[in-house]
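Remarks on the structure that follows.
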Amino acid sequence: MQDTLPVQNYRTKEGWDFHSHFILYCLEHDLQYLLYVFLDYYKLSPENCSFLEKKELYEAHPWFEFLVQCRQVSSNLTDPKLIFQASLANAQILIPTNRAGVSSMLLEGHTLLALATMMYAPGGVSQVVQNEENENSLKKVDPQLLKMALTPYPKLKTALFPQCISPTVLPADITLYHLIQSLSPFDPSRLFGWQSANTLAIGDASNHLPHFSSPDLVNKYAIVEHLNFTYYLLHGRPSFAFGTFLIQELIKSKNPKQLIQQVGKEAYVLGLSSFHIPSIGAACVCFLELLGLDSLKLRVDMKVANIILSYKYRNEDAQYCFIRESLAEKLSKLADDEKATLEELLVLLEEGTWNNIQQHEMKRLSSESSSQWALVIQFCRLHNMRLSTSYLRECAQANDWLQFIIHSQLHNFQPEEVKSLLQYFSPILQDHLKLAFEKFPSVSSSIVDSDQICNECPQELQRNKEEMTNFFETLLQCSEEPDSWRWLLTEALKQQAPILSVLASCIQDASAIPCLCVWIITSVEDSVAAEAVGHIQGSIEDHTWDLEDLSFIWRTLLKRQKSKILIRAFQLFFKDSPLLLMMEMYELCLFFKNYKEAKAKLLEFQKNLETLYTKATRVPPIIPATWLKDQVCFLLKLMPQQCQTQYELGKLLQLLVGVQHLFSDGPDMKKLCVLSQILKDTSIAINHVIITSYSTENFQHECRLILERLQMDGQFALARKVAELAELPVDNLVIKEITQEMQILKHIEQWSLKQARIDFWKKCHENFKKNSISNKAASSFFSDQALVAFEHPVGRSSVEERHLLLTLAGHWLAQEDPVPLDKLEELEKQIWICRITQHNFTGNQEEIEPRFSRQISTSGELSFDSLASEFSFSKVAALNTSKYLELNGLPSRETCENRLNWKEQESLNLLIGHLLDNGCVHEASRVCRYFHFYNQDVALVLHCRALASGEAGMDDLHPEIYAFLQGAELPTEEEQPGIPLRKVQSTSSLDSQSFVMVPSGDEVVTNLEILTSKCLCGKNYCRQVLCLYELAKELGCSYTEVAAQDGEAMLRAILSSQQPDRCKRAQAFISTQGLKPNTVAELVAEEVTRELLTPSEGTGHKQMFSPAEESQTFLQLTMLCQDRTLLGMKLLDKISSVPHGELSCTTELLILAHHCFSLTCHMEGIIRVLQAARMLTDNHLAPNEEYGLVVRLLTGIGRYNEMTYIFDLLHKKHYFEVLMRKKLDPSGTLKTALLDYIKRCRPGDSEKHNMIALCFSMCREIGENHEAAACIQLKLIDSQPWEDNLKDGLQLKQLLLKALTLMLDAAESYAKDSCVRQALHCHRLTRLITLQIHFLNTGQNTMLINLGRQKLMDCIMALPRFYQASIVAEAYDFVPDWAEILYQQVILKGDFTYLEEFKQQRLLRPSIIEEISKKYKQHQPTNKVTENLKKLLSYCEDIYLYYKLAYEHKFYEIINVLLKDPQTGCCLKDMLSG
């Protein structure tokens, strides 16, 4: 709020100002408190704000009128009319039904409220009860009503309505005194005479208000007593007591001092007698202090009294009052200092003190319990008693000599008292304490006795006197010297008096550094001082001391470990120096081994040093920070050298790691600390030399020595850590560790196990790799071990083991840069020797199974061969160069050398064949060159390559190959003309066919095919050469260029060739080249994306693919990749590279990806496609109105249940009908999805439902829709009572006819789709509706439709014709109790026409007749009913049942007829006799 209005001259359209508008706002929102504050703040009232007088506001908000009236009362407290109006407003809140008045209050039962309101009414109660016409109706009260309301209050009723003699005379007004005249304590006839309104007072009543100082009352009733200071003390008023004493006694006294002492004693006795009342005790203490007397004795005695009282109350059974009174009696005798009483109280006080110590759970002998005895000692001293020795005796008995001495000294016990208590100690402690107390000074005097001085040695006194004389002479002479402080330092050096240097520092303008140096020199031993000043030339007495001298002294004392002198010196002269912290840290580490506190000191020093650097920039310090840092650096370097054990050194190094920055050229504390941690559990110690003269070379040298010792001890793990720390090579360490482990295996006889050696060599390789040893060292190790395995074979597996070791050696050697090719080839040759030998051992097994088929043993463990295959280096780039594919150097049949025997040649020939079959042509060529061995297949393979690349012509061929070409003929299948595509079957599983169109007259192709046909092993490689040659011809480039490219580039060229058979070519190329699925998937995805983004020829628009075109084009491409899931992922990844706006491309990519994922049932991929489709539709297709692509996306993916959002979109955009086009859904799933969508999401849109069903000829769904529509019509009828429907008969018939038509159509549609059961059900409902219409047309109001199961029986029973009952029962699939129905219709009503109709449609089974007979028995039949039953029995075809029921019902005439009838009699007689 503010003084001025927020908006000046504000007016609403009704003409209200701001106040009115704000008041209305508060009323509408029930903001009572805010409105009250607002009215108070602006001092608004009906006088200055007419808005507050609006009656309509009072009626709408009764509390508002009450608020306004209350505020008016507060503004004028003398006007009773305002209170009357406020009370009426309050009543209006309680009685909101009508306008509140006094009468309405009485009628509502608020009698007291009405009486209170009448008290403030104009004219009083009498005016209110007058029944005048012109009076205000609000305050007017019917007297009879008031009398009735006052019935619960008879005295009020009598006072207000007294019995009047004359009815015309009104009673006088009722006053308060009339109301209280019946209350006995307040008799208005004798009291309140001073009140003019009291008309009941008699004449002798007092005319004045009585009070305590009234003279009459005082003279009559008061007891006058003279009050002295004792009275005020008893009431806790010391100042009044002191004033009274001054006025009444002290002024009149002739001997004031004696009077004061006497009064003080009285106050002392009074305080003790009332010790249990704190106020009296405090008053007495204060009174004594006002008298100028000491109150200590009273305070102590009262404290003692309370302790004794508490103790006795806890330990005695007597009453508290009795204990207190007896104690007060004893205390009163203290004023006379009775010895017996004092002794008795002292004993009680000692017991109470011990009890207090026990109650507070203190130790009996402790500083805390000793403090409890101070009051006891004080009590003894104040009363001039011998001091209590109870505590000292307890200490002596417990042999606690320390508490004994402290307590006796603290409380100034006499020596005699103390010595007398020594007898309670143990004998040993007695002797020690007696010796200690021999010269125990008397506490009573602080000055040494003169006799004692005289007994001292005269020579000693003379020497002390001379020393004192010299000292004072020096000080007196100092003041006369010009440079007094320097002169004092000189004298200190001459006299070896450190105190003089301290005094010198106190002289003005003295320098602290020289004083510090002199103090240290004069305080240490002569040898230390001589070493510390050894650098000074000349006399030290005349030397000028500076920081350099202090540095020498500092270093000398630290080397001698004189840290205490340094600490004391700096405390005297530089107490704020950070060096103090460093020296404390020094002592904590070396002497106390408290490294935690030392670390705290070190951290504090670093903070102080930083602060010192900061201050030095403003004010130069006495000791520069750089000098401090140099001294600290020396100290930190020295400390590791002074450590006695390796543990101390390790702890210190951990501490110094954090202050590495303080060392300018010091050791690397971090490395030293790590080294110490490594060696902490060993016997190896760190040489201090590397600390004093640290360098990287010295550190590495020391680590090498440590490394050797650790290797000797077999601690290789620690040795490896040391090597890593010093950055030393670990080759020898790792090899030595491996060698030791191998020796252990041999020692425990595990080395002979083949599997143990396999695991060991594998672990060796992994260990070398883990420790990153050099390739050369690892290769040499495995080569040496291969040599050992050759010289010392272990079993039949030695050749395999040597093969593995040589392979590992070559594997490591191949990683050298540059690769030593000669050594690598030599290793490979040795490996092949092992392979040949191994093949000879195993016989001809290799001929029937691949080389690596036995790599895994039957137990699943690794073999030497399998492990060697992991580290094979035959495919290293340095070995697989093109020179090994050239014909130069390849042994021919004429130039080969038979260096192997026939068996080895056979094995080698077979092994080379396996290499060729596996595509290892380079290795096969190298092996032939190693052994100068001729292999026909190798020669054929290399000649194929030479011919295709053009490196060799017909004249350059080997003679045997040339002979093959001259004398050979093409296979029959290849000689057939007119077949452009040559397909050659392969024995290899990696290849299938050649595929390229090449003119049949190409001689190179012919020669390649001839050589391929002659090749036994390596045929696949030859076919690859032929394939690449044909591809090169088609692309118009050389074979070398094509072969130089990788398979990925070639496959990309094939896919982009746009040839009709490109997929076949690509499939063949993939098979021959052995491309990985990941590469194929990436290329296929790339090609699909490229073709989708390529515009069709002749148009500028992107291609739009129909499902058929998709199947023919892209699905063939997807078949190239074996891993469809991988291809789907690649297609999804390509979406991010599609240019913005290419929505058709993105759509097709999603469809293809979904196709791939669906083939492999990859749910994660399908989910990703659906999510991407949703995002594409919402963010791109729908905003751009690409509804054709939306439909393509929906039908292409085909997951309609997951894509109902597209149905919503198309329905919203009126594009739904496009989904009903012909041939859009060849699978037939779309129509089902559409109908399901309409049912679930658009249940009321029957038009679309029918449209979809008709479009797709879905008769069953049409029938379901018609049936549902008919049911809706029936539910409309059921939605209101049947009687209301009958009132509007025309509307009811129209609804029934519409339902009948729909149900007929539904039955017809079901029949077309062979849905017999549904069709029959609709037909039955049709008959029911027809019957209902018939009833309505004939004036029958029976309700047949929409019946519940519980009402069906009653309805069927009420129908007069059987066909009607049958229609109802069939329509509801209800099987009624036909026996009951026939009983009612035929037996009771006698309607045998009903029975005839029943027999026409149903069989009258004997069981029904039997049930009717039972029902007949349960009732008392009439003659007519009996006749009807007899007639019904005649319809029974079962003669025996007929006879039986007639017999049961005593129909003897029927029995006789049956027995006499020739057709039935014989049969019955036979049955009865049986």
Side-chain angles (χ1 to χ4, degrees), residues 558-559 561 563 582 584-603 605-606 632-663 665-738 740-741 744 767 770-772:
L558 286 177
K559 289 177 182 177
Q561 297 187 359
S563 58
M582 290 304 297
E584 290 175 3
M585 185 272 294
Y586 174 84
E587 287 199 334
L588 287 169
C589 288
L590 295 186
F591 302 145
F592 302 104
K593 318 303 179 195
N594 191 345
Y595 299 101
K596 185 177 180 181
E597 291 293 332
K599 184 176 181 180
K601 296 290 183 184
L602 194 58
L603 293 173
F605 167 76
Q606 294 184 68
V632 171
C633 184
F634 172 80
L635 173 64
L636 296 178
K637 290 181 183 178
L638 181 66
M639 288 176 68
Q641 303 174 36
Q642 294 182 347
C643 291
Q644 300 297 323
T645 63
Q646 290 299 305
Y647 172 78
E648 296 177 14
L649 179 60
K651 285 291 186 180
L652 181 62
L653 290 174
Q654 288 181 15
L655 185 65
L656 299 182
V657 166
V659 292
Q660 182 71 41
H661 60 282
L662 296 178
F663 298 99
D665 56 348
D668 190 338
M669 290 296 176
K670 189 174 183 180
K671 286 188 176 182
L672 290 174
C673 179
V674 175
L675 182 60
S676 172
Q677 290 296 314
I678 294 172
L679 301 177
K680 67 178 181 179
D681 295 327
T682 66
S683 60
I684 303 173
I686 300 175
N687 195 344
H688 286 177
V689 176
I690 63 172
I691 299 175
T692 55
S693 57
Y694 182 87
S695 65
T696 306
E697 294 76 14
N698 291 344
F699 182 73
Q700 289 184 339
H701 175 71
E702 178 67 17
C703 288
R704 285 193 188 93
L705 298 177
I706 294 172
L707 206 63
E708 292 175 1
R709 290 190 58 184
L710 290 173
Q711 289 181 20
M712 290 174 60
D713 296 341
Q715 297 179 339
F716 295 104
L718 297 180
R720 188 177 292 107
K721 293 180 180 179
V722 173
E724 292 175 358
L725 179 65
E727 299 178 356
L728 297 174
V730 295
D731 298 356
N732 295 332
L733 171 64
V734 175
I735 291 174
K736 192 168 183 179
E737 183 180 4
I738 289 294
Q740 184 182 17
E741 187 175 349
I744 293 173
N767 206 348
K770 177 183 177 181
N771 292 281
S772 303

request  = Could you grab the distance from atom CD1 of Ile686 to atom CG of Leu679, nearest 0.5 Å is fine?
outcome  = 5.5 Å
query = Is there any side-chain hydrogen bond (donor to acceptor under 3.5 Å, both in side chains) pair reaching into residues 644-654, and which pairs are they, with sequence neighbours excluded?
reply = Lys593-Glu648
inquiry  = Under the criterion side-chain contact (heavy atoms from CB on, under 4.5 Å), I'd like the reasoning laid out for Met639 against Phe634: C-alpha separation, chi angles, the key distance, then a yes or no.
reply    = CA-CA 9 Å; Met639 288 176 68; Phe634 172 80; over 6 Å; no
request  = Determine, stepwise, if the pair Ser683 / Arg709 fulfils side-chain contact (heavy atoms from CB on, under 4.5 Å).
outcome  = CA-CA 10 Å; Ser683 60; Arg709 290 190 58 184; 4.2 Å; yes
ask   = In Å, rounded to the nearest 0.5 Å, how long is the span from CD of Glu584 to CG of Leu588?
value = 7.0 Å
Nearest-0.5 Å distance that lies between atom CG in Leu655 and atom CG in Leu602 = 5.5 Å
ask   = Once you round to the nearest 0.5 Å, how far does CD of Glu597 lie from NZ of Lys601?
value = 7.0 Å
query = Closest approach of Tyr595 and Cys589, non-hydrogen atoms and distance?
reply = OH-O, 3.8 Å
key: Worked check of side-chain contact (heavy atoms from CB on, under 4.5 Å) between Lys599 and Met585   = CA-CA 8 Å; Lys599 184 176 181 180; Met585 185 272 294; over 6 Å; no
Partner residues of Gln642 under the side chain to side chain donor-acceptor pair (under 3.5 Å) criterion, sequence neighbours left out = Tyr586
query = Do Leu653 and Gln677 pass the side-chain contact (heavy atoms from CB on, under 4.5 Å) test, and can you show the C-alpha distance, the side-chain angles, and the key distance before you say yes or no?
reply = CA-CA 9 Å; Leu653 290 174; Gln677 290 296 314; over 6 Å; no
task = Can you measure from NZ (Lys680) to OG (Ser676) and round to the nearest 0.5 angstrom?
result = 9.0 Å
inquiry  = Can you tell me how far apart OG1 (Thr682) and CD1 (Ile706) are? Round to the nearest 0.5 Å.
reply    = 8.0 Å
request  = Give a yes or no on whether Lys671 atom NZ has more than 12 heavy-atom contacts from other residues, nucleotides or ligands under 6.0 Å away.
outcome  = yes
ask   = For Leu656 and Pro640, which heavy atoms make the closest approach, and how far apart are they?
value = CD1-CG, 4.2 Å
